[in-house]
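Down below is the structure, laid out as structure tokens.
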Amino acid sequence: MKMGAVQGQYGQFNSAQTILSNLNYNQAVTAYQNDTSGFPAALLKGLFGIKEVEPFA
């Protein structure tokens with residue numbers, strides 16, 4: 001196994017994490033989930049098969 005490839009993938013992961021954290025992705029996901037968790041939004045999500053959005057780890 002080449003360590004350069006692993007380091008490259010790790011670097012890409014870290015840069016993606018940095019970009020997403022700078023864009024406040026998790027805050028937007030939390031706001032979306034709060035907005036769509038109540039009635040009637042939750043009912044409509046179920047009817048149309050809309051899935052929950054996962055926050056970035």
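Hydrogens, waters and symmetry mates play no part in the numbers below; they use all other heavy atoms, side chains included.
Closest approach of Ala42 and Ser37 over heavy atoms only: CB-O, 3.7 Å.
Pairs of residues two or more places apart, or lying in two chains, never qualify as salt bridge (charged side-chain N to carboxylate O under 4.0 Å, His left out) while including a residue from residues 5-17. Each salt bridge (charged side-chain N to carboxylate O under 4.0 Å, His left out) pair with one or both residues in residues 24-33, not counting sequence neighbours, would appear here, but there are none.
With sequence neighbours excluded, the residues forming a side chain to side chain donor-acceptor pair (under 3.5 Å) with Thr36 are Lys45, listed by chain and number.
In this structure, Glu52 contributes its side chain and Gln33 its backbone to no donor-acceptor pair below 3.5 Å.
Tyr25 is not listed as a side-chain neighbour of Thr30, based on a closest heavy-atom distance of 4.5 Å or more.
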